[in-house]
**Q** 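Structure provided below as structure tokens; questions to follow.
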Amino acid sequence: MKNFIKYEKQYFLPPVPCYDWAKKDAIEKAPSWCSVDLRDGNQSLIEPMDLQTKVEFFKLLVEIGFKEIEVGFPAASQTEYDFLRKLIDENLIPDDVTVQVLTQAREHIIKKTFDAVKGAKKVIIHVYNSTSVAQREQVFKKSKEEIKKIAVKGATLLKELTDKEGASYRFEYSPESFTGTEPEYALEVVNAVLEVWQPTPERKAIINLPATVENAIPHVYAQQVEYMHKFMRYRDAVEISLHPHNDRGCGVAAAELGILAGADRIEGTLFGNGERTGNVDIITLAMNMFSQGVNPNLNFKNMPYICALYKSFTNMPVSPRQPYAGELVFAAFSGSHQDAIAKGMDCRKGKEDEKWTVPYLPIDPHDVGRKYDSDVIRINSQSGKGGVGYVLQTAFGINVPNGMKEQMGYKAKDVSDNLHKELSANEVYDIFVQNYIENHTRFEIPECHFKQVSGIEATVSIFENGKSETVVAQGNGRLDAVSNAVKSYFKRDFVIIGYEQHALSQTSKAKAISYIGIESNGKTYWGAGIDEDIIKSSYKALVSAVNNLMVG
């Protein structure tokens with residue numbers, strides 16, 4: 001790619017070192033959140049949302065717990081204007097929710113914006129103008145002083161109109177394309193705006209520092225934010241807000257480092273929807289904090305529901321590998337991963353109040369509305385014995401012995417490989433039944449009677465090829481006696497090397513399942529049997545194992 005020579009860095013480091021953020025190893029509390037799905041997210045859609053869809057999306061954002069929601073650019077189009085008026089006139093804005101509206105620092109646009117918000121109880125008027133070198137030189141062709149005057153004029157008009165109406169609107173200012181602006185100049189413009197507003201701790205201003213285009217490694221953004229945090233006037237009366245985009249794929253990292261650098265607030269969208277590669281994904285940011293024991297103050301406990309509504313509102317997909325939310329993010333197909341997860345989950349039994357440390361699962365899938373049996377361990381040709389065993393246990397109560405798991409694992413892998421598909425839990429169960437419960441291809445034992453005669457004597461009916469024959473044999477127990485009868489009838493020698501059984505449920509009428517492993521000529525064969533009578537389940541398992549020996 002020879003054309004790399006046309007590119008060079010388009011960002012500026014602060015004039016003084018700003019590395020205090022690097023001394024911190026964690027975010028200790030959640031920032032304030034502002035959803036911009038209805039503005040930034042909406043304007044990035046191929047087909048923007050209609051009015052009713054925006055209303056439904058607004059309700060979802062409220063349900064999730066957003067207290068600040070940017071509802072649009074009401075001076076930009078009639079739909080945007082009508083949407084805001086519908087929210088206000090139909091009293092759809094909860095008392096604890098603030099609506100935010102965006103406006104350019106231009107007089108006629110600001111005045112129409114003020115018309116749009118009349119009657120709203122809590123409002124943030126967000127004014128912006130671009131300050132970057134590229135925008136100053138190429139788009140506006142104005143000097144630094146002229147660009148600063150635009151910002152000051154817009155800030156002044158916001159204050160004058162608010163005072164005139166006797167309103168208590170909060171103000172927000174963005175030096176758009178902040179990351180491409182010299183930090184000392186961005187600070188100069190911001191401080192000039194703050195001098196107009198003169199915010200107080202009781203009525204804070206918001207200074208938003210957008211990575212309108214992400215153009216540097218995240219640590220550069222952190223330094224720029226820290227510089228503003230340290231040298232901004234009225235700092236105790238200002239919320240520093242970040243609005244990161246994701247052009248380099250580092251939006252989440254940039255936001256996290258920006259919070260460490262002093263930011264108080266984040267503007268972003270669900271699943272990172274936004275122009276180009278998107279805005280910062282608030283779900284990922286919030287859940288990252290959640291996964292380290294910090295309350296994000298947002299509710300994502302029913303992630304499948306949120307995903308479904310988001311897709312219906314936007315016609316945008318949610319990637320199957322989207323952090324915390326994608327269909328496959330908790331899915332383990334690898335055999336070694338499945339085995340570790342199954343063992344980790346087993347260790348948690350009876351210890352649910354302990355800290356979550358299950359291998360390969362950064363959070364408990366239940367916390368976002370996912371299921372262990374269908375979402376976590378999933379079976380395909382890459383799966384192993386641990387995963388297959390886990391699915392049978394969690395979905396059907398079948399606790400396959402360790403020695404049998406390996407054989408069952410290979411059988412499931414072979415089916416998946418041949419079909420070139422993932423297997424559902426029911427399909428895994430069917431493979432188990434076909435190979436170990438209903439595999440009586442050579443013979444069955446429909447009837448068996450026992451009596452005690454110097455040990456146990458078994459009278460065994462063996463049904464083979466449409467004919468039944470009775471065989472009598474003795475043993476040191478019922479299973480041993482039946483085993484000797486089968487050996488005598490088929491003139492085959494084998495040794496029982498594994499025998500386990502358990503109830504299939506906790507009810508008084510629970511069926512028992514037995515598992516038996518036999519060894520013959522150095523090979524191991526397994527079988528299983530289910531019956532309400534525990535003795536019957538054991539000799540059914542023996543029949544299954546011997547049938548597998550016969551066809552093996």
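Side chains included, hydrogens not; waters and symmetry mates left out as well; all remaining heavy atoms used.
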**Q** Take atom CD in Gln52; do more than 12 heavy atoms of anything else shown fall under 6.0 Å from it?
**A**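 Buried by this count: over 12 neighbours within 6.0 Å.
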**Q** Just by modelled atom types, is the Gly386 backbone N or O under 3.5 Å from a matching donor or acceptor in the Asp339 side chain?
**A**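 The answer is no, because no donor-acceptor pair under 3.5 Å joins these two groups.
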**Q** Which value, rounded to the nearest 0.5 Å, describes the distance between Lys349 atom NZ and Asp346 atom CG?
**A**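 Here the rounded value is 4.5 Å.
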**Q** Hey, is Glu68 close enough to Lys122 for a salt bridge, meaning N to O under 4.0 Å?
**A** no
**Q** Could you go step by step and tell me if Glu214 and Arg276 meet the salt bridge (Lys or Arg N to Asp or Glu O under 4.0 Å) rule?
**A** CA-CA 11 Å; Glu214 186 181 35; Arg276 304 181 307 279; over 6 Å; no
**Q** State, with a plain yes or no, whether a side-chain heavy atom of Asn208 is found less than 4.5 Å away from one of Tyr173.
**A** no
**Q** Is any side-chain N of the basic residue among Arg85 and Glu90 closer than 4.0 Å to the acidic one's carboxylate O?
**A**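 Not counted as a salt bridge, because no side-chain N and carboxylate O are separated by less than 4.0 Å.
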**Q** Using only atom types and a distance under 3.5 Å, with no angle test, would you say the side chain of Thr179 pairs donor to acceptor with the backbone of Val213?
**A** yes
**Q** Where does the angle between the aromatic ring planes of Trp21 and Tyr19 fall among parallel (under 30°), tilted (30 to 60°) and perpendicular (over 60°)?
**A**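 Trp21 and Tyr19: tilted rings.
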**Q** Is a donor on one side and an acceptor on the other found under 3.5 Å between the side chain of Gln224 and the backbone of Phe12?
**A**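 Yes: the side chain of Gln224 pairs with the backbone of Phe12.
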**Q** Taking only Lys NZ, Arg NE, NH1 and NH2, and the carboxylate oxygens of Asp or Glu, determine whether Lys54 and Asp50 approach each other closer than 4.0 Å.
**A** no
**Q** Mind checking whether Phe171 and Trp197 have parallel, tilted or perpendicular rings, split at 30° and 60°?
**A** tilted
**Q** If only side-chain N and O atoms count, and only distance matters, is there a donor-acceptor pair under 3.5 Å linking Asp20 with His229?
**A**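 No pair is found: no donor N or O on one side chain lies under 3.5 Å from an acceptor on the other.
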**Q** Would you find a donor on one side and an acceptor on the other, under 3.5 Å apart, between the side chain of Glu427 and the backbone of Ser424?
**A**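 Yes; at least one donor-acceptor contact below 3.5 Å.
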**Q** Within the structure provided, determine whether Phe178 and Thr131 are in side-chain contact (heavy-atom separation under 4.5 Å).
**A**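 The answer is no; the side chains never approach within 4.5 Å.
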**Q** Measuring from atom CG of Leu102 to atom CD1 of Ile124, what distance do you get when rounded to the nearest 0.5 angstrom?
**A**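 Atom-to-atom, Leu102:CG and Ile124:CD1 are 12.0 Å apart.
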**Q** Do Leu242 and Tyr221 have side-chain heavy atoms sitting under 4.5 Å apart?
**A** yes
**Q** Phe313 and Leu60: side chain to side chain contact (heavy atoms under 4.5 Å, CB included), yes or no, with the steps?
**A** CA-CA 10 Å; Phe313 296 155; Leu60 173 63; 3.9 Å; yes
**Q** Do Arg235 and Asp264 sit within salt-bridge range, that is, some charged N less than 4.0 Å from a carboxylate O?
**A** yes
**Q** Answer yes when Arg233 and Glu195 have at least one side-chain N-carboxylate O distance shorter than 4.0 Å, and no when they do not.
**A**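 Yes.
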**Q** Is the distance from the ring center of Trp33 to that of Phe66 below 6.0 Å?
**A** no
**Q** Got a sec: does the NZ of Lys111 have more than 12 other heavy atoms crowding it under 6.0 Å?
**A** no
**Q** Between the side chain of Gln135 and the main-chain N/O of Ser130, is any donor-acceptor distance below 3.5 Å?
**A** no
**Q** Would you find more than 12 non-hydrogen atoms of other residues, nucleotides or ligands less than 6.0 Å from Phe396 atom CZ?
**A** yes
**Q** Is it true that atom CD of Glu56 has more than 12 heavy atoms of other residues, nucleotides or ligands lying nearer than 6.0 Å?
**A**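 Enclosed.
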**Q** Looking only at side chains, do Ser174 and His126 share a donor and an acceptor under 3.5 Å apart?
**A** yes
**Q** In sequence, state the C-alpha distance, the side-chain angles, and the governing distance for Ile379 and Glu422, and then conclude on side chain to side chain contact (heavy atoms under 4.5 Å, CB included).
**A** CA-CA 6 Å; Ile379 306 304; Glu422 178 189 353; 5.7 Å; no
**Q** Before accepting this row, confirm whether a basic side-chain N of the pair Lys204/Glu239 lies closer than 4.0 Å to the acidic partner's carboxylate O.
**A** no
**Q** Considering only NZ, NE, NH1 and NH2 on the basic side and carboxylate oxygens on the acidic side, decide whether Arg170 and Glu172 come within less than 4.0 Å.
**A** no
**Q** For Asn129 and Ile147, indicate whether the former's side chain and the latter's backbone hold a donor-acceptor pair under 3.5 Å.
**A**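 Side chain of Asn129 to backbone of Ile147, a donor-acceptor pair under 3.5 Å: yes, one is there.
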**Q** Measuring only between side-chain heavy atoms, which start at C-beta, is Thr181 closer than 4.5 Å to Val133?
**A** no
**Q** Any non-hydrogen side-chain atom of Tyr128 less than 4.5 Å from a side-chain atom of Gln104?
**A**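 Heavy-atom side-chain distance check passes, below 4.5 Å.
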**Q** Would you call Asp95-Lys121 a salt bridge at under 4.0 Å N-O?
**A** yes
**Q** Please say which of Leu298, Asn302, Ile282 ends up in a side-chain contact (heavy atoms from CB on, under 4.5 Å) with Ile64.
**A** Leu298
**Q** When rounded to the nearest 0.5 angstrom, what distance separates NZ in Lys144 from NZ in Lys149?
**A** 15.5 Å
**Q** Grab the two heavy atoms, one from Val294 and one from Ala30, that are nearest each other, plus how far apart they are.
**A** CG1-N, 3.8 Å
**Q** Return yes if a side-chain donor-acceptor contact under 3.5 Å exists between Tyr81 and Asp115, otherwise no.
**A**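 Not at all, the side chains of Tyr81 and Asp115 share no donor-acceptor pair under 3.5 Å.
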**Q** Has Thr53 got a side-chain atom pairing as donor or acceptor with Met49's backbone, closer than 3.5 angstrom?
**A**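 Not at all, since once roles are kept as given, no pair shorter than 3.5 Å links the two residues.
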**Q** Give a yes-or-no answer on whether the side chains of Ser177 and Thr212 include a donor-acceptor pair shorter than 3.5 Å.
**A**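 Note: Ser177 and Thr212 side chains miss the donor-acceptor criterion.
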**Q** Could you check whether any side-chain heavy atom of Phe114 comes within less than 4.5 Å of a side-chain heavy atom of Leu158, counting everything from C-beta outward?
**A**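 Yes - at least one pair of side-chain heavy atoms lies under 4.5 Å apart.
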**Q** Hey, is NZ on Lys24 packed in by over 12 heavy atoms from elsewhere, all under 6.0 Å?
**A**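 Yes, the 6.0 Å shell around NZ holds more than 12 heavy atoms from other groups.
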**Q** Are Arg203 and Tyr169 in a cation-pi contact, defined as NZ or CZ under 6.0 Å from the six-membered ring centre and within 45° of the axis?
**A**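 Cation-pi check for Arg203 and Tyr169: fails.
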**Q** Of all heavy-atom pairs between Phe271 and Cys307, which one has the smallest distance, and what is that distance?
**A** CZ-SG, 3.7 Å
**Q** Within the 4.5 Å heavy-atom criterion, are Val99 and Phe58 side-chain neighbours or not?
**A** yes
**Q** Run the numbers on Leu45 and Met316 for side chain to side chain contact (heavy atoms under 4.5 Å, CB included), then give the verdict.
**A** CA-CA 8 Å; Leu45 298 176; Met316 293 282 286; 3.6 Å; yes
**Q** Any side-chain donor paired with an acceptor under 3.5 Å for Glu63 and Tyr305?
**A**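 Indeed, the side chains of Glu63 and Tyr305 share at least one donor-acceptor pair under 3.5 Å.
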**Q** Is any side-chain N of the basic residue among Glu145 and Lys148 closer than 4.0 Å to the acidic one's carboxylate O?
**A** yes
**Q** Are side-chain N/O atoms of Asn273 and Ser44 paired as donor and acceptor at under 3.5 Å?
**A**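 Ser44 and Asn273 do have a side-chain donor-acceptor pair below 3.5 Å.
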**Q** How long is the straight-line distance from OH of Tyr310 back to CG of Asp37, given to the nearest 0.5 Å?
**A** 7.5 Å
**Q** In Å, rounded to the nearest 0.5 Å, how long is the span from CG of Asn246 to CG of Asn279?
**A**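 The distance works out to 9.0 Å.
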**Q** Step by step, work out the side chain to side chain contact (heavy atoms under 4.5 Å, CB included) result for Glu146 and Phe140.
**A** CA-CA 10 Å; Glu146 289 172 315; Phe140 299 106; over 6 Å; no
**Q** For Gln292, does the CD atom have more than 12 heavy-atom neighbours from other residues, nucleotides or ligands under 6.0 Å away?
**A** no
**Q** Taking C-beta and beyond as the side chain, do Leu187 and Lys230 meet within less than 4.5 Å on heavy atoms?
**A**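 No, side chains not in contact.
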**Q** Does a side chain donor of either Ser32 or Arg265 reach within less than 3.5 Å of an acceptor in the other side chain?
**A** no
**Q** Strictly by modelled atom types, are Glu327 and Gln322 linked by a side-chain donor-acceptor pair under 3.5 Å?
**A**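 Result is no, nothing qualifies.
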**Q** When rounded to the nearest 0.5 angstrom, what is the spacing between OG in Ser291 and CD1 in Ile363?
**A**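 Here the interatomic distance stands at 7.5 Å.
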**Q** Please report the C-alpha distance between Glu354 and Lys351 in whole Å, then the side-chain angles of each, then the deciding distance to 0.1 Å, and finally whether the salt bridge (Lys or Arg N to Asp or Glu O under 4.0 Å) criterion is met.
**A** CA-CA 6 Å; Glu354 292 190 359; Lys351 305 174 185 176; 5.2 Å; no
